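All values reported here derive from a predicted model rather than from experimental measurement.
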Amino acid sequence: VIRARGGKFDFEDLLGAAGAGAKPAPPGAAPAGKVKFDVAGIQLKDGSFVYLDEGSGQRLELDDVLLRTGRIAEEVPGRLSLAAHVRGKKPMIDLKVQLDGTYRLGLAREEYALTGMTLGVQGAAAELTRIALTVTGDAHARLAKEALDADLVAKFDDTTVKAKLGMTGFSAPRYQLQADIDRIDLDRYLVAQKDAKPAPSAGPKVAVDVPVDLSALEGLRVDGKLSVGWMQLMGLKFSALEAELREFVIQSVSQTGGHL
């Protein structure tokens with residue numbers, strides 16, 4: 001899949017051509033009945049996918065894709081297994097991903113579930129190396145009610161995070177978050193390392209403020225609670241931390257500041 005510099009995808013012409021050839025139903029024709037969706041299963045081995053954004057130079061590759069499903073039908077539970085090697089540039093990504101779980105599709109009710117989920121991620125992304133993350137739990141989508149929720153447990157390094165996530169309303173979403181972190185050493189993940197060797201320079205070092213685009217956060221509405229049993233940051237150690245958000249709204253964001 002290629003996105004051109006102007007923002008157009010390479011498959012858009014195909015979609016347009018298919019839509020142009022569609023003929024309207026003749027007057028008085030009976031409406032088409034609902035299609036019964038029932039698939040015995042899907043198996044995909046050694047699949048690949050490449051996404052290229054010519055404007056930003058971003059490239060994302062999925063190799064060694066392995067997909068196995070059970071029966072796919074209305075209100076019939078099935079097992080899902082998905083594995084892939086994900087590589088990319090801008091940002092740099094080199095991850096191996098494995099997802100297993102049990103799905104249930106409620107097509108008529110527009111409700112979907114993935115339970116008993118286990119997600120494993122290993123590799124490197126951006127400035128983080130030796131990533132070893134495991135996420136377990138359940139996730140549900142109720143599209144007719146415009147609601148998503150998940151009950152997850154994430155483990156990485158010496159940290160365990162128990163989180164309940166939710167979102168209601170698709171046009172103006174409101175997010176719910178309840179997270180409990182037993183212990184975390186943030187110093188381990190700081191990008192600037194004390195022992196990092198500076199790159200050679202021909203001239204004096206000049207400090208430059210790099211603008212960060214936070215416009216995507218405008219209008220974000222969050223209710224939640226965060227508990228941390230133990231945390232280390234910049235050599236300082238904290239314990240029994242709690243933070244609560246009620247009607248937290250980011251009204252506007254600029255390069256120099258913002259308003260809450």
Side-chain angles (χ1 to χ4, degrees), residues 69-70 72 74-82 84 86 91 93 95 97-121 125-126 128 131-184 186 189 212-231 233 238 240-253 258-260:
T69 75
I72 304 176
E74 180 79 12
E75 301 294 353
V76 176
R79 289 291 299 173
L80 167 70
S81 181
L82 174 64
V86 184
I93 300 174
L95 298 170
V97 180
Q98 174 75 45
L99 173 66
D100 296 282
T102 299
Y103 59 83
R104 181 184 288 270
L105 309 180
L107 302 177
R109 297 182 292 110
E110 295 186 71
E111 295 188 5
Y112 309 90
L114 181 62
T115 58
M117 175 185 65
T118 300
L119 171 65
V121 180
L128 298 178
I131 296 174
L133 170 67
T134 301
V135 180
T136 58
D138 305 325
H140 300 84
R142 301 172 178 84
L143 302 186
K145 299 179 180 179
E146 297 191 356
L148 307 175
D149 65 82
D151 192 345
L152 306 173
V153 176
K155 294 184 179 182
F156 56 94
D157 297 327
D158 299 325
T159 301
T160 298
V161 180
K162 298 179 180 180
K164 292 184 178 182
L165 311 175
M167 186 190 80
T168 55
F170 292 162
S171 59
R174 188 185 198 96
Y175 300 91
Q176 297 84 37
L177 166 66
Q178 184 174 343
D180 186 355
I181 304 175
D182 61 346
R183 57 183 291 115
I184 186 168
L186 294 177
Y189 309 107
V212 178
D213 185 7
L214 301 177
S215 59
L217 298 179
E218 292 187 10
L220 182 68
R221 301 187 299 170
V222 182
D223 294 293
K225 183 177 181 181
L226 173 65
S227 300
V228 181
W230 180 91
M231 180 178 73
L233 175 62
F238 307 86
L241 298 177
E242 289 193 359
E244 189 168 354
L245 299 176
R246 291 184 179 179
E247 300 291 335
F248 180 81
V249 180
I250 297 181
Q251 296 177 348
S252 63
V253 177
H259 303 280
L260 304 180

How about [X] and [Y]: do any of their side-chain heavy atoms sit closer than 4.5 Å?
X      : Y      : result
Leu107 : Tyr112 : yes
Arg142 : Asp149 : yes
Gln176 : Thr168 : yes
Lys225 : Glu242 : yes
Ser227 : Gln178 : no

Enter the distance from [X]:[atom1] to [Y]:[atom2] here, rounded to the nearest 0.5 Å.
X      : Y      : atom1 : atom2 : answer
Lys164 : Asp151 : NZ    : CG    : 5.5 Å
Leu226 : Leu245 : CG    : CG    : 8.5 Å
Arg109 : Glu75  : CZ    : CD    : 4.0 Å
Tyr175 : Leu148 : OH    : CG    : 9.0 Å
Leu241 : Ile184 : CG    : CD1   : 11.5 Å

Distance-minimising heavy-atom pair for [X] and [Y]:
X      : Y      : answer
Asp138 : Met117 : OD1-N, 4.4 Å
Ser81  : Asp100 : OG-OD1, 3.0 Å
Glu74  : Ala108 : OE2-N, 3.1 Å
Arg79  : Tyr103 : O-CE2, 3.4 Å
Ile131 : Ala125 : CD1-N, 3.7 Å

Listed partners of Ala144 passing side-chain contact (heavy atoms from CB on, under 4.5 Å), at least two apart: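 For Ala144, the residues satisfying side-chain contact (heavy atoms from CB on, under 4.5 Å) (neighbours in sequence not counted) are Glu110.
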Test side-chain contact (heavy atoms from CB on, under 4.5 Å) applied to Thr118 and Leu99, step by step: CA-CA 6 Å; Thr118 300; Leu99 173 66; over 6 Å; no
Asp182 and Lys162: CA distance, side-chain angles, deciding distance, salt bridge (Lys or Arg N to Asp or Glu O under 4.0 Å) verdict: CA-CA 9 Å; Asp182 61 346; Lys162 298 179 180 180; over 6 Å; no
Any donor-acceptor N/O pair, Arg104 side chain to Thr115 backbone, under 3.5 Å: no
N/O donor-acceptor pairs under 3.5 Å from side chains in residues 152-160, not counting sequence neighbours:
from: Asp157; atom 1: OD2; to: Arg188; atom 2: NH1; distance (Å): 3.4
from: Asp157; atom 1: OD2; to: Tyr189; atom 2: OH; distance (Å): 2.4
from: Thr159; atom 1: OG1; to: Arg183; atom 2: O; distance (Å): 2.7

